[in-house]
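One structure below.
Quick note: residue numbers are just sequence positions, from 1. Numbering of ligands and ligand atoms starts at 1, following listing order.
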Amino acid sequence: MNSKQVVLISGSSTGFGRLFTETLARAGRTVFATMRDPGGRNAKNASEIRALAEKESLPIHVLEMDVTDDASVERAAEAAIAKAGRIDVAINNAGYYLTGLEEAVTTEQARRLMDTNFLGPVRVNRAVLPHMRRQRSGVLLHISSAAGRLVLPSVGFYCASKFALEALAESYSYELAGQGIESVIVEPGQYATAIFGATVTAADEARTATYGAAKEFPAKVSGALSSTAGNAQEVADAVLRIVETPAGEKQLRYFVSPANFGVNEINALTKEIQGQALEGFGLAADTKFVKGKAAGAA
Ligand SMILES: NC(=O)c1ccc[n+]([C@@H]2O[C@H](COP(=O)([O-])OP(=O)(O)OC[C@H]3O[C@@H](n4cnc5c(N)ncnc54)[C@H](OP(=O)(O)O)[C@@H]3O)[C@@H](O)[C@H]2O)c1
């Protein structure tokens, strides 16, 4: 399709973000691979990406962006615009996993998680949307999770952050359709990335200790997730297919997973019910809601 499409990705140092960077750049996109502290904690990751770009002559530019910092996000978006003149796709990928019994998660831990997983995309979208709306085109792509549709014990706060992200992304899809901008949600199942090594654990151990058998939930869930994790390149390949899908033909949700948890069924059902609600509120035409465009795998 468009060989000059410009893509901005959050959290490109490792995992999905790193694979999106490589996969999309190899497919001819100009990629702004953003990360926290590319001169310090991520210096090795940044230099590996730059070395790959050099070796394969790929149009990748590494930029600093901490999604919890308004000014940092605005600087990164402005730097991308100054260099490339446009942003066609913003991939909200930065995020982390928090595990533990909900009562043992402190309010500060909850605040930090939401600041990254939910408010991070809020900041990125607010920074790129004025440019996309000027272009009258663009894609906001949100890396949610199967945990954005299903709930397991000891994952409640992570689920809450992804459910919140899904609500925002879905509302954006209705509000922006009339301006030629698509908002898309990708829901990966469990994949082998750095996420399990970077997991934050509920801090209030004294409360966890009083939970009897339920205190084993976090270990059971994390063990099951990491032992059945798939190859993360599958998600990068799915994202490339989504980016390649012509404007107006993308689905709202794509479930990509090594295992079927019934998320496609949830997506199909909520799509039908959302359609009824939008029609009931007299909003179906304004939001360009398309009944036949079923949610499904990428
Ligand atoms: N792997 C899975 O099974 C899975 C499944 C469903 C959804 N997801 C989602 O996929 C996304 C990527 O995760 P991953 O699996 O690829 O894990 P990962 O390898 O740990 O990558 C997470 C990325 O987010 C970045 N990040 C964290 N906080 C940030 C901040 N404040 N500002 C900018 N970047 C920040 C990390 O950067 P640093 O290097 O600076 O920490 C890292 O680049 C996350 O949103 C995650 O919730 C993952």
Side-chain angles (χ1 to χ4, degrees), residues 8-23 32-46 48-49 62-73 75-77 90-99 111-124 127 141-150 152 155 157-166 169 185-200 221-236 238-239 253-259 261 263 298:
L8 180 117
I9 305 172
S10 70
S12 306
S13 58
T14 58
F16 292 153
R18 178 85 164 257
L19 292 174
F20 298 158
T21 297
E22 296 172 9
T23 303
F32 289 92
T34 76
M35 65 187 70
R36 291 192 280 199
D37 202 9
R41 58 177 277 159
N42 276 318
K44 185 168 175 286
N45 293 319
E48 285 169 3
I49 293 171
V62 175
L63 289 178
E64 169 144 37
M65 185 167 85
D66 180 338
V67 300
T68 64
D69 178 344
D70 287 20
S72 170
V73 172
R75 267 196 310 275
I91 305 185
N92 282 298
N93 166 73
Y96 68 91
Y97 185 62
L98 187 155
T99 175
R111 196 185 341 260
R112 277 196 201 150
L113 185 74
M114 293 303 282
D115 202 16
T116 301
N117 291 11
F118 175 63
L119 290 175
V122 171
R123 293 184 182 95
V124 171
L141 206 149
H142 306 85
I143 305 301
S144 174
S145 171
R149 296 305 244 171
L150 292 170
L152 291 174
V155 194
F157 281 94
Y158 180 75
C159 292
S161 73
K162 295 298 189 182
F163 272 62
L165 176 63
E166 295 235 358
I185 299 165
V186 178
E187 297 163 329
Q190 70 279 34
Y191 284 95
T193 66
I195 198 165
F196 299 112
T199 296
V200 171
V221 172
S222 298
L225 288 176
S226 54
S227 65
T228 55
N231 177 353
Q233 183 62 41
E234 281 177 26
V235 182
V239 163
R253 287 187 168 83
Y254 295 88
F255 175 52
V256 185
S257 178
F261 302 115
V263 173

Inset, instruction - Have a look at ligand 1 and work out which part of A147, if any, has a heavy atom under 4.0 Å from it: side chain, backbone, both or neither. - result: neither
Inset, instruction - Tell me which part of T116 gets within contact of ligand 1: side chain, backbone, both or neither, using heavy atoms under 4.0 Å. - result: side chain
Inset, instruction - Have a look at ligand 1 and work out which part of T34, if any, has a heavy atom under 4.0 Å from it: side chain, backbone, both or neither. - result: neither
Legend entry - Within-shell test, G189 vs ligand 1, heavy atom, strictly < 4.0 Å: yes
Inset, instruction - With heavy atoms only and a cut-off of under 4.0 Å, state how M65 meets ligand 1: side chain, backbone, both or neither. - result: backbone
Legend entry - Salt-bridge contact K162-E187 (side-chain N to carboxylate O under 4.0 Å): no
Inset, instruction - Using salt bridge (Lys or Arg N to Asp or Glu O under 4.0 Å) as the criterion, list what pairs up with D115, not counting sequence neighbours. - result: R123
Inset, instruction - Would you please determine whether S144 falls within less than 4.0 Å of ligand 1 on a heavy-atom basis? - result: yes
Legend entry - Under 3.5 Å donor-acceptor, T193 side chain and F16 backbone: no
Inset, instruction - Please verify whether a non-hydrogen atom of E187 lies at under 4.0 Å from ligand 1. - result: no
Inset, instruction - Report yes or no: does M35 have a heavy atom closer than 4.0 Å to ligand 1? - result: no
Legend entry - Aromatic ring pairing Y97/Y158, orientation class (parallel under 30°, perpendicular over 60°, tilted between): perpendicular
Legend entry - Proximity winner for atom 37 (O) of ligand 1, if only heavy atoms of S257, S161, S145, S13 are counted: S13
Legend entry - Winner among Y97, Y158, Y96 once heavy atoms are compared against atom 47 (O) of ligand 1: Y158
Legend entry - Proximity to ligand 1 by part of R41, non-hydrogen separation under 4.0 Å: side chain
